Structures are given as C-alpha cells and as structure tokens.
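Below is one structure, written out as structure tokens; the observations come after it.
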Amino acid sequence: MNPSHDDTMQLPDAGGHFGRYGGMFVAETLMHPLEELRVAYERYLKDQTFLAELDADLRDYVGRPSPVYHAERWSRELGGAQIFLKREDLNHTGAHKVNNTVGQALLAQRMGKTRIIAETGAGQHGVATATVAARLGLTCVVYMGEVDMARQEANVYRMRLLGAEVVAVKSGSRTLKDALNEALRDWVTNVDDTFYIIGTVAGPHPYPAMVRDFQTVIGREARAQLLERTGRLPDALVACVGGGSNAIGLFHPFLDDAEVAIYGIEAAGEGLATGKHAAPLCAGTPGVLHGNRTYLMQDRDGQIIATHSISAGLDYPGVGPEHAWLKDSGRVRYEAITDTEALAAFHALTHIEGIIPALESSHALAYAAKLAPTMTKDQAILVNLSGRGDKDMHTVAAREGIQL
Amino acid sequence: MGRITQRFETLSRQHKTALVPFITAGDPEPSVTVPLMHAMVAAGADLIELGVPFSDPMADGPVIQRSSERALAHHVSLRDVLDMVQAFRAQDVETPIVLMGYLNPIEVMGYDSFAARAGDAGVDGVLVVDAPPEESRELVEVLRAAALDLVYLLAPTSTPERIARIAEVTSGFVYYVSFKGVTGAGHLDVDQVAAKLLPIRRMIELPVGVGFGIRDAASAAQIARVADAVIIGSATVRRMEDLADTPQRIPDTVCDFLSGLRAAIDAAGES
C-alpha cells in the first residue's frame, strides 16, 4: 500500500495500524488487557477533568511550557539558518520522557491499577516513571539490562532513591530490548493490578498512538512559540530517533504543514557501513518485534541483532511504527549521525551556548549543524533538545580517556 | 484429513489423552533434535511441538529462553528447523509435528515460501505465539491453502467474544494457556483451568490442549482429566539443560520422564 499524506493525521486505524506497520502482535493473554487499555485511553483523552489534571501536572510538576531558545552564537558560527532549540532538557527529570509518564500514570490511577512497571535503557524513562510513581504512591518496578545498569549507575541509584525496585535483566543482549521483553513477561503475569508504562512510541497498539498523544505537547507548544517569535513556521524540524517518542512528539503537529521539511536522525554508531549502529530506518528491514510491525535490525533469518550507539537511549533495534510509515510515505526524511559526529555537536553546544545536551539529542544537533550551512540566514531550523547531558558525563569522559 | 486431526480422533476412540512434549529445535545442539524426536515418540509422545528458536521470546520464561539461546549459538534458523522435520519424516510419517515460535522468522522467509517449505518438509501445524487472529488473517489463508493447521492460543483473559473469534480460525486443536504468565512459571491451578474449559468447550468443537506449568506426573494426570492434550515444555527443556554438556544422555533422560507422564496420564484416563 502506498501511503497517502491525507491519511497521515488520522492514523492509526482501529487495529493500531499505520499502513502495514504497527498492530497488536502479542500473545493471547495480553489481547484483552490491551483492549481495556485502549478503551480507557480513548475515553480519558476526551475527558475534560482528566485533561485539566494532566495540563496542571505538566505546568506545575513538569514545568511546561518548555521554552524555545534561539541559539544565536551557534547559528552565526555555522553561517546559515537560524537554529532554535525546544528545551525539553529543562523539564523535571531532565528529558521529554516525563510528558508521557505523567499522562500514563494518571491513566493507571483512573484504571485502578496499583502497580507500575517500565523498561528502561539509559535510565531516563525509568527515572521519569519512578518519579511519577513516587508522587502518586504507586508501587514501581523498572526492568533494565545488566549491561545498561553498569553504564548508567547514577540513574539506577536515582530510581532506587525514588522508591522503585530496579530489576537487572540478564537474558539476551542484556540491554533495552531485553528489558522490554522482561517487562512484557511481568505484565502478562501480573496483568490484573499492573499498568505497563512503555517509554516510547513502540509496542502493541494502543501504545504507539497513546505515547504520541502524550508527547505531541512538544510540537503543539513549539509551533505556537515559533509562530509568535518569527511570525512563521520553521523551515525544518530535526529530532533524534531511537524508539522515536521525542521525534513524533515534535513532528506530529507539523505533518500537515507541507512547507516544513522534517528530519528524523538515527544513530549511525561507528558508521552504517560497519554494521555497528542502531539505524533500522536507514539500514534495516521490516519485521515484527515487541508487539508491532516496523523496521528492525535483523539478520536474514529474522533474528534481532545487536545494536551499537554511544547513546544508550538510541541503542534499540526497532523503531516506532508511525516512523516506519512516515519513512515510506516520504513525509519525513531519516538520516543517521555517527558517535563521533554526535560528540562533536555535544561539545559545540556546550562550549558555544553553555547548554550540555544529552548524547541522544546531540545526534539531532549534529544533523542541524550539517543542514544549517546549506540554508539562508533568514531560514529557521527547530531542533528538539530532548534531554540534558548530565547523565552522560561518565560516558563522554571515558570516551576521552578521563577518569571521573 | 491432516495428521493432527487423525491422531486426536484415534486417541478419542481409545479414550486417551494426548501427551505433547515441546523441545526447542537445535537445543542444546542441532544433532540432538531428530534422534530425540524419535525417542520421544517411542516413550509415548502423540504429537511433537518443535520450538523455532528466536532471539526475543517474550512469552517464554527463563528455561525456554535459554534453550533458544543455546540453539541460536549454533545459528539454528527456521530453514534448519524445517530440515530437521524432513529428516524426522524419513522414519516417521505418522506423528504430527507442530512448529511453535514467533512471527518474525516466518515474516522474513515470507508466508508463501514458508507454507510451501513447511508442507514439503512434513510439518502439520504452526502455532505463532505473537500472531493473534487480528494479525494473522493472511497467514491463516496461506497455511490453509497448503493444508497446514494454524493452532491458536486461548488464555484465562480470553473473553467469550475472543473465544468465539478464535473458534472460527483455529484448526487441528486449540492450545489453552493454563495461567496468566510465561512458560514454566509455577502457579498452575487445575480447578481454575477446569472451570475455564467449560465455556471453551461449549464454543469450540476441536480438541483442547493445556500447557504452561505442568511439571510432573501428578499435575499431568490432573490436567489429563480435563484436557484432550497435556503439553509439557519447560519441565522437559529443564532436564535437557541439566545435560547440555553430555547431550548423548538427553534422549534416555527425557524418555524416562515422558514415560512416567504417559503412565500417569493413561492411569488418570482409566480412573
């Protein structure tokens, strides 16, 4: 099926499909619980009391709206388009992840669930989940690959301080994808009292649509802020794509604005040609994993293969199904940035603007730095600065041979 | 009539409950699988569920996860599994074989190609854990055209509407997952299973197999009283794991275990 642009804003269909992507590829035990979740989510997204409570939480607890910052010095240095940063790094807990966990936790409460589970890679979603669980007095269990726990000790400690139980996942590659498997196993076992807060726009329906809807606050705010600031829409949007929640959150409210070019940036790791990357849209093929059909990093037998990225948050072999659809439709262009390029952008923003970005967001910044000089000074690029880099101090230092 | 239906009809005439062992193909190494399948038949297996290894078995507990990892360490692919079935068929043309696994390896091979190759190899049915009826309309058509059964799961969370929907598409038999959880977990409640089987039996005429959590002769006998097939997965695979370093001892050990279950299931049928 050839995707048509007119369909894009109406998707997914009733079964959670974005064209041939998405869906509900789970074992029978989870089908009814997913249906219950879908019904609750569709009901509360139209419930004015729920939406008012969500808005109040986003304002008073998360700190929204997040500002849009004009990176004037950096723009001047790059010598082309003006770069604007959507400052999701200024949110409570330091990234865009909390927009979604606040929403899903409120939904869990409405559904009478008393126990929250989550998967996490870098630990940002785990921290954002543990945070809202603490606030609402809900039991919280976070699954995290053993390898990731070793690379992100500080976040493990943060989650434990917040009262969450962090469970080390020792199966498979012991990273994010295995943490997701383990969280699904927990959910299937404890489905009566447990709400699974998925951190990205992947997983079975309704998660990709629901997480998107909680994250589109980014794009709605940014669209209004840019219009107010510059009197027009930006010429280009850039966001990094792991699972793709910060990207879809920024992109979605602009999909109908044909004059806005949209770029999703994957992790090229050591380079697409080396095979050591995490860029399923740029270099993968369609398949089925974690409840949905999407582009995957897989071998010719359909086994999921190991990914690599300096950024733990992009180190995932799949991607949200809506991104797969947007790639095929041509509405969004997907590119990849290497570890080395991302680090250069990390340093540039830190030195020139005094903002330390997350390594994930540094991929988007690196692409903007390539794009800006090809554009004119009166054009604007809006980059989603999805998180702050405090969590990455050890990774960057170690890479540069410095012991902290 | 397919081998699966034929086998259940024969068992029904004999008032017997089927014993269905599950092993992961290629675990702990590829040379073990075909001889083990023959040995299991000799020990009383009526149908064999052959697991297709997958890197991300999200519905399986740790025992079957590790069996997949051992097989994948030997790069056992779906094509290799089909070759094993073909090798098995050289000596056994009667015992039904159901492949059990996840959708992605089949997606990558392509439904048409998979159905043709599986039919040629002598596979009788396929159970795809992560392909509920909503997502398998095309697959079920392709498999049916190749005279292969697509066996669906039912679970404690299946509503009457879902049971009715699955009744329309499942063929060969239906697999009832005995509890909410992953394979090999430990909370089998036979009374609950029996209670849930009542509405299922009212809506589905096909044989009902019960699996997940059946670990010994006693639980096998209890389930045999209410089910048409007793499916044993993790309990067998755990015994294989213990002998992974001495794979030549696996067939005898698995057969001793299955013979005990066979006797218990048959005794339950007579009481």
Side-chain angles (χ1 to χ4, degrees), chain A residues 14-17 20 22-36 119 169-173 177-194 203-205 285-294 296-306 317-318, chain B residues 52-62 65-66 68-69 71-72 75-81 101-110 114 128-137 152-159 161-163 165-166 174-177 179-183 185 187 212:
Chain A
H17 301 99
R20 62 186 290 225
M24 303 173 85
F25 294 87
V26 295
E28 173 62 20
T29 312
L30 289 180
M31 288 301 284
H32 182 62
L34 284 168
E35 172 67 9
E36 285 181 326
E119 83 295 339
V169 177
K170 299 175 179 178
S171 56
S173 61
K177 81 172 174 72
D178 310 284
L180 226 149
N181 290 332
E182 211 53 41
L184 283 164
R185 291 175 188 128
D186 178 311
W187 198 35
V188 86
T189 306
N190 301 295
V191 71
D192 294 330
D193 68 344
T194 297
H205 182 60
T285 50
V288 172
L289 178 70
H290 292 151
N292 66 102
R293 184 180 282 122
T294 188
L296 299 175
M297 303 267 298
Q298 56 183 332
D299 67 18
R300 65 193 192 97
D301 296 323
Q303 307 296 346
I304 308 308
I305 57 178
Chain B
V52 179
F54 183 51
S55 52
D56 293 81
M58 65 181 185
D60 284 299
Q65 287 171 42
R66 290 194 297 266
S68 241
E69 288 178 11
L72 289 175
H75 306 286
V76 174
S77 67
L78 178 53
R79 280 169 294 136
D80 297 328
V81 178
Y102 295 81
L103 185 58
N104 200 49
I106 298 175
E107 285 256 319
V108 169
M109 183 178 279
F114 168 70
V128 188
V129 177
D130 54 351
E134 286 83 348
E135 302 292 356
S136 52
R137 259 167 276 176
Y152 282 88
L153 297 172
L154 283 171
T157 52
S158 302
T159 57
E161 294 74 31
R162 295 199 58 79
I163 297 170
R165 180 166 198 171
I166 287 164
V174 68
Y175 184 135
Y176 180 67
V177 173
F179 52 73
K180 295 171 211 159
V182 294
T183 51
H187 33 265
F212 282 43

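Numbered from 1 within each chain, the chains take letters A, B, ... in sequence-line order. Note that this is a predicted model, so its numbers are computed, not measured.
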Requested in this report: Spell out, as yes or no, whether a donor-acceptor pair under 3.5 Å connects the side chain of A/Asp299 to the backbone of A/Asp301.
Outcome: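 Pair found, side chain donor or acceptor close to backbone of A/Asp301.
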Query - B/Asp130 side chain to B/Leu103 backbone, donor-acceptor under 3.5 Å - result: yes
Report task. Tell me yes or no: between the side chains of A/Asp178 and A/Ser173, is some donor less than 3.5 Å from an acceptor? Result -> yes
Query - Heavy-atom proximity to chain A below 4.5 Å, by part of B/Leu72 - result: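 B/Leu72 touches chain A through side-chain heavy atoms alone.
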Query raised in the report: Which answer fits B/Pro62, side chain, backbone, both or neither, if we ask what part of it has an atom under 4.5 Å from a heavy atom of chain A?
Result: neither
Report task. List the steps, then state whether salt bridge (Lys or Arg N to Asp or Glu O under 4.0 Å) holds for B/Glu135 with A/Arg293. Result -> CA-CA 10 Å; B/Glu135 302 292 356; A/Arg293 184 180 282 122; 5.2 Å; no
Report task. State whether A/Arg185 and A/Glu182 are salt-bridged, where the test is any N-O pair (Lys NZ or Arg NE/NH1/NH2 against Asp/Glu carboxylate O) under 4.0 Å. Result -> yes
Report task. Output yes when A/Glu35 and B/Arg162 qualify as a salt bridge under the 4.0 Å nitrogen-oxygen rule, no when they do not. Result ->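 Here A/Glu35 does not pair with B/Arg162 in a salt bridge, since their nearest N and O are not under 4.0 Å apart.
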Report task. Report the residue from B/Tyr175, B/Phe54, B/Tyr102 that forms a side-chain contact (heavy atoms from CB on, under 4.5 Å) with B/Val129. Result -> B/Tyr102
Query raised in the report: Does any heavy atom of chain B fall under 4.5 Å from the side chain of A/Asp192, the backbone, both, or neither of them?
Result: side chain
Pick from [options] with the largest number of heavy-atom pairs that fall under 4.5 Å of chain B:
{"options": "A/Asp186, A/Leu296, A/Val188", "value": "A/Val188"}
{"options": "A/Pro33, A/Gly15, A/Gly23", "value": "A/Gly23"}
{"options": "A/Val288, A/Leu289, A/Val191, A/Leu184", "value": "A/Val288"}
{"options": "A/His290, A/Lys170, A/Gln298", "value": "A/Gln298"}

Query raised in the report: Of the listed residues (B/Thr159, B/Asp80, B/Val177), which shares the most heavy-atom pairs with chain A below a 4.5 Å separation?
Result: B/Thr159
Query raised in the report: Relative to chain A, which of B/Arg79, B/Met109, B/Glu134 shows the most heavy atom pairs under 4.5 Å?
Result: B/Arg79
